[in-house]
Each structure stands twice: as C-alpha cells, then as structure tokens.
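Everything below concerns the one structure shown next.
Every heavy atom of this structure was used, including side-chain atoms; hydrogens, water molecules and symmetry mates were not.
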Amino acid sequence: MVQKSAKPRYAELEAALQDVKSYFLYAALFSAAVNTLMLVPVIYMLQVYDRVMSSGSLSTLTMLTLLMVALLCALGGFEWVRSMILISASNRIEKNLRKRVSDASFKLALTNGGSGNSSLAINDLTNLRQFLTGNGLFAFFDAPWFPIYVGVMFMFHVWFGVAAIIAGIIMVALAYANEKATSEKLKQANSFGAKATAQLNGSLRNAEVIAAMGMADNIRARQEINSNQVITLQTEASRKAGIITNVTKSFRMIVQSLLLGLGALLALQQEISPGMVIAGSLLLGRALAPIDLLVGTWKGFSIARAQYERLGQLLE
C-alpha cells in the first residue's frame, strides 16, 4: 500500500513563501553581484600599492580611480535593487496572508469567547514582513560568500587563508553560542508578552464591567506579573547577547590587526607584496562582516521565528 506524503508543517506559510521564491532567487543573484563588487576596493588598493606607487604613473592611477568609482556606483545600485526586491516579496507575502490571518483570528476569537492571542496575529504578520526587509536577511545572502573570499586570501598567501578559516570558525561558534544563550529566553518573553497583550485587550473591551465590579486592581496586578516576566527575560537575553556581540566585534578587530602584522612579516620576508598587506586585512574584514551581522541581528531572527511559529499554529 502506497502511503501519501505527509503534509508539510505550516503548509499555508510555506505556500506563501514558495509564491515569492523567484523574488528570493533574484535577490540571491543581485547578492552575487554585490559581493563580487565588494572585491573592488581590495583590488584597487592592491593595484595602487603595487603598480602606481612603483611606477609613479598618474594615467594609471586616474584610470584605476575612474573604474573603481564606476564599479562602486554599480554596487550601490545593485544593493538598492536587492532591497526593492525583498520589499516587494515581503509586501506580497503580507497581502496573500492578510485576509486568511484575519479570518483565522476572528474564528479563534469566537471560539475563545473573545479571549486569547487572536488579536496578535496581524501584528506578527506585519513584523515578519519588516524582518524580511531588514539587515539580518542580507547577512544570510552574504554569508555563503565567505568561502570565496577565503579562496582569494589563499591566492595572496596560504597563511592568510588559514587565518581567515580559523577566524570564521570562531565567529560561527560565537553565533551558535548567541543562539543557545538567547533563543529560549526570547521565546519565553514572547509568550509572556503575548499573554500580557491579550489580557490588556480583554480588559479594555470590558472596562466598564471591570470598573463596576471593582476588579481593576486585581486585573492590573495580574498583568504586571506577565509584564515583569517579559522585562526580566528580555533583559537576561539582551545582556547575554550584548556580551557575545561585543566579544565578536572585538575579536574581529583583533584578527584584522593581527593579519596586518602577519602581512608585514610576510612582506619583510618578501613572500608577498606590500599591497597585499592592506588588501588582505580589508578582505578579511569583508569576509567576516556577514557573520558579525548575523550575531548582532540574532535577537531579531529569534523573534521572527517565534512569530512564524505562532502564525503557523493559528492557520492550522
């Protein structure tokens, strides 16, 4: 007997994402162009140090500078187009789901007698749309280019590539530590925050009855418990995330500076050119930037994931 394939979890949300799959493919294509052009400052620096400084040719410097400016203008245009693509994708997702989420929220409110978290669904949908247009998503498009940047650094010198790999592994470990340290706290905070908002909405709908029965103080005290839990959990998560984020930024600056020292040593031994010393440091900074951004925006990613879960559960 042939078994039917299991229905995917949160099928409606997955269908909405599949509907904008082409948008994300185009965004990935423009990300490829953006990350390729990110090599322009590195190559420009390398050519200025190794060709212009040694030859003293003003015509070469002029042509290199004009080409660099033109390519960086193209880079800015590609980044703008990528942003517009993701904005269009997020708008389409919200338009496709808005009516369905509104109907599901209304039915849930009827089932629960007007109580519960049904009123938060539209806010979750809006916040997810905003996340899709933020910097955190750009980091996911840029991070896969890390191996390519490392490959270029290996072309400079093998020790440059080894240093980049070690730094990347440590940065990924810090990102994982950030996830383990904050995700559960943020998930609990979101849960208590949803309860507090639902209680507040219910109190406002029945304000006259609550005031007439003298229950305002008791209800307010119950809301304060949930609100205080939200503050406590978010504070703990933010404190841990802040420590890891600062460690990550400091580590990135230290590694870039150490790479300059390594480059100077290799240049003194005449294993690389002086231009590669600066270019290698710039390239390492560019390679680690998406990972650094991922660590810094992980809180927003965790919140967006919780919102996705709530929406999926509501629609099911």
Side-chain angles (χ1 to χ4, degrees), residues 31-57 60-61 64-65 67-69 71-72 75 79 135 138-179 181 241-298:
S31 293
V34 166
N35 282 277
T36 301
L37 290 175
M38 284 291 185
L39 294 172
V40 169
V42 176
I43 297 174
Y44 176 75
M45 179 74 69
L46 189 62
Q47 296 300 314
V48 167
Y49 270 86
D50 292 348
R51 292 182 181 272
V52 176
M53 298 296 288
S54 60
S55 66
S57 174
T60 302
L61 177 61
L64 285 174
T65 302
L67 182 60
M68 178 269 296
V69 171
L71 291 175
L72 290 184
L75 168 64
E79 285 191 320
N135 291 330
F138 291 152
F140 284 94
F141 282 110
D142 294 340
W145 281 79
F146 174 79
I148 297 176
Y149 292 134
V150 172
V152 176
M153 296 187 71
F154 269 111
M155 294 172 61
F156 286 2
H157 195 278
V158 63
W159 283 114
F160 275 15
V162 171
I165 290 176
I166 294 174
I169 292 174
I170 294 175
M171 293 279 285
V172 170
L174 289 172
Y176 179 75
N178 194 22
E179 153 72 4
I243 293 173
I244 297 175
T245 300
N246 289 325
V247 169
T248 302
K249 290 182 178 179
S250 299
F251 173 77
R252 179 183 166 192
M253 295 176 64
I254 291 171
V255 169
Q256 283 188 260
S257 299
L258 288 175
L259 196 71
L260 279 174
L262 175 62
L265 176 62
L266 295 173
L268 290 174
Q269 296 175 351
Q270 297 184 347
E271 295 188 30
I272 62 173
S273 65
M276 290 183 179
V277 177
I278 305 298
S281 179
L282 291 176
L283 194 55
L284 179 64
R286 179 58 222 161
L288 297 180
I291 304 176
D292 193 12
L293 184 59
L294 278 176
V295 176
T297 58
W298 202 266

Item to check | pair L46-M276: side-chain heavy atoms closer than 4.5 Å | outcome: yes
With a 4.5 Å cut-off on side-chain heavy atoms, are V277 and Y49 touching?
no
The single option from I243, L288, L174 that satisfies side-chain contact (heavy atoms from CB on, under 4.5 Å) with T248 is L174
In this structure, CE of M38 is separated from CH2 of W145 (nearest 0.5 Å) by 11.5 Å
Here the gap from T36 atom OG1 to I148 atom CD1, rounded to the nearest 0.5 Å, amounts to 7.0 Å
- prompt: Quick check: does any side chain N or O of R252 sit under 3.5 Å from a backbone N or O of G285, one acting as donor and the other as acceptor?
  reply: yes
In this structure, CG of L61 is separated from OH of Y44 (nearest 0.5 Å) by 5.0 Å
Taking every heavy atom of G168 against every heavy atom of I291, the minimum-distance pair comes out as O-CD1, 4.3 Å
Check: Near Q269 CD, under 6.0 Å, is it more than 12 heavy atoms from other residues, nucleotides or ligands?
Finding: yes
Here the gap from L39 atom CG to L75 atom CG, rounded to the nearest 0.5 Å, amounts to 10.5 Å
- Task: Determine whether P144 and N35 make a side-chain contact, defined as any pair of heavy atoms from C-beta on separated by less than 4.5 Å.
- Result: no
Closest non-hydrogen contact found for R286 with Y149 is NE-OH, 3.6 Å
Here the pair of heavy atoms bringing L259 nearest to G280 is CD2-O, 3.3 Å
Next on the checklist: Any heavy-atom pair between the side chains of F154 and I165 that's under 4.5 Å?
Outcome noted: yes
Minimal heavy-atom distance between A164 and V150, with the atoms involved, is CB-CG2, 4.0 Å
Closest non-hydrogen contact found for A139 with P290 is CB-O, 3.7 Å
Separation between CE (M68) and CD (Q47), nearest 0.5 Å, reads 12.5 Å
Here the gap from I278 atom CD1 to L283 atom CG, rounded to the nearest 0.5 Å, amounts to 13.0 Å
For F156 and I272, the nearest pair of non-hydrogen atoms, with its separation, is O-CG2, 3.7 Å
Strictly distance-based, threshold 3.5 Å: is any side-chain N or O of Q256 a donor or acceptor partner for the main-chain N or O of S281?
yes
